[in-house]
Number of protein chains: 2
Amino acid sequence: MPQSPASPSLKTLAAALGVSVATVSRVLSGQAERYRISVATRNRVLEAASASGIVVDQLARSLRLRRTLSIGLVIPDISNPFFAQLARQIERHARRHGYSVLIADSEEDAEVEAQAIRLMLSRRVDGLILAPVGTPATSAPLRSLGARPCVLVDRLLDDPPLPAVTSDHRRGAEIATLHLIERGHRRIACVQGSPGTFANDERIAGWRTAMAASGLPCGPERVAGTGYSIDAALAAAHALLMRGERPTGILALGNVLALGVLQAARDARISIPDDLSLVAFDDQLWAAVTSPPLTIIEQPIEALGREVLELLLARIASPTGGPPTRNILPVRLIERGSVRDLRPKIPALVPISHRAADPSDNATRRVAAP
Amino acid sequence: MPQSPASPSLKTLAAALGVSVATVSRVLSGQAERYRISVATRNRVLEAASASGIVVDQLARSLRLRRTLSIGLVIPDISNPFFAQLARQIERHARRHGYSVLIADSEEDAEVEAQAIRLMLSRRVDGLILAPVGTPATSAPLRSLGARPCVLVDRLLDDPPLPAVTSDHRRGAEIATLHLIERGHRRIACVQGSPGTFANDERIAGWRTAMAASGLPCGPERVAGTGYSIDAALAAAHALLMRGERPTGILALGNVLALGVLQAARDARISIPDDLSLVAFDDQLWAAVTSPPLTIIEQPIEALGREVLELLLARIASPTGGPPTRNILPVRLIERGSVRDLRPKIPALVPISHRAADPSDNATRRVAAP
DNA sequence: TTGAATTGCGCAAACGATTGTGCAACGCTC
DNA sequence: GAGCGTTGCACAATCGTTTGCGCAATTCAA
């Protein structure tokens with residue numbers, strides 16, 4: 001490794017000081033006392049190191065220590081706002097724990113993801129955080145992880161059983177659906193992203209649970225969408241709005257999908273929320289500023305990032321043979337202006353109440369492994 | 001480094017095959033022919049390697065080769081849509097060139113940035129891509145780079161003179177301002193982010209150039225804003241709209257700032273574009289879907305990412321002593337619905353023309369170092 | 001058959017930092 | 001002065017892969 005003039009090695013520093021490389025190493029790694037280096041020598045080394053601006057070669061350290069103090073982060077799309085924010089939280093928390101983050105974008109492709117995982121292994125990351133692509137299942141490349149710690153985010157897998165942290169997507173959709181139902185909506189449809197992906201399917205299931213519990217129709221004709229893009233959502237919303245019974249409310253199961261719904265509504269000269277109510281998933285800055293500002297289900301991204309990292313660090317520090325931990329974090333509804341109250345106005349009889357998600361319904365759920 | 005059961009070392013493979021570690025290394029690194037390994041031995045090694053799923057230790061390789069095949073990427077905020085998209089482009093292109101990306105978030109803080117740079121150096125990245133924080137200047141920690149290749153993105157620095165790739169922010173603001181002027185606007189103001197940051201100052205300068213060239217007022221009372229957030233932009237827009245002569249058009253010098261302007265307009269019951277025209281900088285999916293869809297100045301993020309990476313790879317492959325390359329990439333205006341035409345309607349006399357940025361005005365500018 | 005050329009490896013040193021152990025020097029006690 | 005204990009290092013091996021060079025075995029040509 002070519003050393004720049006500004007960064008000598010321990011060897012050059014030792015030669016300049018007339019001590020051994022071992023002594024320099026012990027001082028710089030904070031182990032002078034343990035190895036009985038004298039205070040005088042220690043100070044000489046520290047002064048020389050400070051003056052030279054030495055940067056210890058982490059490669060050599062890692063090889064000797066068999067530990068890199070780095071983690072791998074493999075996510076489907078770095079520019080997706082959810083993953084971008086998640087990456088930020090993970091990177092910041094990792095750095096505070098002395099870890100570096102090696103990032104890879106799996107491009108929503110299982111083959112790219114498999115390659116990214118192998119690459120992380122070759123770089124001997126101490127652990128891996130993986131947000132798996134939706135389909136197909138990614139268990140095969142995960143087997144090559146062996147005993148190397150890995151934590152999933154935004155996904156649960158049964159085989160191999162890995163620890164995971166996700167948001168309670170199902171509950172989020174239930175809350176959103178009940179929010180509409182409580183405001184008089186009976187025809188509630190879903191604009192979904194990619195069927196088969198964890199978050200998507202959980203949200204569909206939550207919508208179904210709430211609809212069924214209220215005796216409302218929740219058949220497949222009320223779900224539209226084939227992919228996670230504005231265009232796909234536009235077509236899906238168009239189909240829902242133009243064919244069959246028009247819904248009074250729509251759940252857009254992602255913020256990009258909400259944009260498609262907004263576009264479709266505008267194209268069809270349908271006013272939100274007057275003619276159609278909308279609840280979107282995952283908050284973005286713009287969602288609070290649109291006209292109208294959107295009622296959304298918000299994920300706790302900061303907590304997600306923090307918990308997934310801490311779960312991984314715990315695994316790195318102390319591998320455990322027990323069942324994998326799975327944290328399902330609560331989501332919450334943020335009410336803004338995109339849902340119309342369809343209930344008849346009864347003056348001064350029933351107070352209009354604003355109900356957010358009840359905290360007792362949303363405690364972190366720890367799920368036992370199957 | 002603990003080897004998982006699924007990943008033996010070259011040593012274990014060599015022992016199992018009855019050959020030396022050197023032979024296994026030569027075969028797996030694709031150098032069997034160069035080192036005259038027989039076809040029979042080569043095939044034996046390849047089969048055993050495939051069967052065992054061996055993952056070569058990149059750490060050891062890097063130490064021996066003095067090359068990590070990794071690059072460092074230090075950006076001010078991973079979750080900022082611009083940087084998230086830039087990171088995605090860089091990561092994808094890097095991967096295709098066989099490089100991994102080590103990412104760090106400088107949290108818009110010069111001290112964090114300095115630490116991130118040192119961390120990258122300790123990990124012996126082959127090169128560094130740096131999007132410097134705005135203020136203060138970051139030249140001090142850059143000196144510790146020595147001869148290690150570094151390319152700036154979204155910033156130019158004179159000392160040390162480093163190669164850089166940026167968008168033509170100045171020209172972008174000129175185009176936006178002229179766009180408004182050509183549509184009859186005479187009172188054009190700016191909502192800025194953090195003064196002193198490169199993009200911000202370039203955009204202000206471009207606005208001034210266009211305003212001065214048209215003999216229009218461009219004093220400091222027409223510029224408001226102290227930071228890059230919705231709240232700061234909201235306050236700035238409020239000041240511009242409520243005090244003094246109300247502008248007919250506003251440049252929001254970033255998409256987050258545009259959200260603040262939209263909010264301020266709604267609060268003041270000012271309709272866009274009827275009462276106030278708006279041009280925003282940096283496209284986002286939502287900007288095309290808002291009501292009205294926003295006219296924006298778009299940066300070529302894909303090209304930025306690609307060019308900065310290729311410039312860095314060229315520097316890694318062949319350090320050059322000449323003046324640093326600086327690529328200023330053209331931006332373009334995308335006209336949507338947030339700009340009102342204030343010109344008097346003269347029926348059938350003057351064809352209403354839609355003018356995008358003229359390509360000849362926007363060829364990549366290569367700027368000589370000062 | 002002999003000598004030269006070719007083939008196909010293995011050995012050992014390198015990369016830079018870490019760490020167990022041994023040893024020289026010194027100080028203290030009897 | 002001799003013996004013991006303490007201090008403060010340096011030496012050498014380790015980590016896993018790469019690569020220059022030497023050498024044994026084989027082949028070819030005279």
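Lettering follows sequence order; numbering is per chain, from 1. These values consider heavy atoms only, across backbone and side chains, with no hydrogens, waters or symmetry-generated copies.
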J.: Respond yes when some side-chain nitrogen or oxygen of B/Q31 is under 4.0 Å from OP1 or OP2 of D/dT18, and no when none is.
T.: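 No.
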J.: Using the salt bridge (Lys or Arg N to Asp or Glu O under 4.0 Å) rule, take A/E113 and A/R155 through it: C-alpha gap first, then chi angles, then the decisive distance, then the call.
T.: CA-CA 15 Å; A/E113 181 184 85; A/R155 183 75 182 270; over 6 Å; no
J.: Find the distance between CG (A/D154) and CD1 (A/I301) and round it off to the nearest 0.5 Å.
T.: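 The CG atom of A/D154 sits 9.5 Å away from the CD1 atom of A/I301.
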J.: Side chain of B/V21 only, please: which of C/dC15, D/dT17, C/dT18 is the nearest?
T.: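 From the listed options, D/dT17 comes nearest.
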J.: Write down the protein N/O and nucleotide N/O pairs, taken from nucleotides 5-9 of chain D, whose separation is under 3.5 Å; answer none if there are no such pairs.
T.:
residue	atom	partner	partner atom	Å
D/dG8	N7	A/R36	NE	3.2
D/dG8	N7	A/R36	NH2	2.6
D/dG8	O6	A/R36	NH2	2.7
D/dC9	OP1	A/T41	OG1	2.9
D/dC9	OP2	A/S38	N	2.6
D/dC9	OP2	A/S38	OG	2.5
D/dC9	OP2	A/T41	OG1	3.1

J.: Can you see if the side chain of A/S25 gets near the phosphate of C/dT18 - specifically, an N or O under 4.0 Å from OP1 or OP2?
T.: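 Yes, A/S25 has a side-chain N/O under 4.0 Å of OP1/OP2 on C/dT18.
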J.: Is the phosphate of C/dA14 approached by B/R64 (side-chain N or O, under 4.0 Å from OP1 or OP2)?
T.: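 So the side chain of B/R64 is outside the cut-off, no N or O lying under 4.0 Å from OP1 or OP2 of C/dA14.
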J.: Grab the two heavy atoms, one from A/V101 and one from A/A94, that are nearest each other, plus how far apart they are.
T.: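 Heavy atoms of A/V101 and A/A94 come nearest at CG2-CB, 3.8 Å.
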J.: How far apart are the closest heavy atoms of A/S106 and A/V112, and which atoms are they?
T.: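 The pair with the smallest heavy-atom distance is O-CB, 3.3 Å.
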J.: Start with the C-alpha distance between B/R123 and A/S100, add both sets of side-chain angles, then the distance that settles side chain to side chain donor-acceptor pair (under 3.5 Å), and finish with yes or no.
T.: CA-CA 9 Å; B/R123 292 193 180 271; A/S100 296; 2.8 Å; yes
J.: Holding to side-chain hydrogen bond (donor to acceptor under 3.5 Å, both in side chains), I want the full list of residues that pass it with B/R36, two or more places apart in sequence or in another chain.
T.: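 Applying side-chain hydrogen bond (donor to acceptor under 3.5 Å, both in side chains) to B/R36 gives none.
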J.: At 10 degrees resolution, what angle do the end axes of the helix from C/dT1-D/dA30 to C/dC30-D/dG1 form when each is taken over five base pairs?
T.: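 So the angle between the two local helix axes works out to 60°.
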J.: Would you mind telling me which of C/dA17, D/dG16, C/dC11 lies closest to the side-chain atoms of A/D57?
T.: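 That would be C/dA17.
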J.: Going by atom types only, do B/T68 and B/D126 share a side-chain donor-acceptor pair under 3.5 Å?
T.: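 Yes.
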J.: Would you tell me if any nitrogen or oxygen in the side chain of B/Q58 comes within less than 4.0 Å of OP1 or OP2 on D/dT17?
T.: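 For D/dT17, neither OP1 nor OP2 has a side-chain N or O of B/Q58 closer than 4.0 Å.
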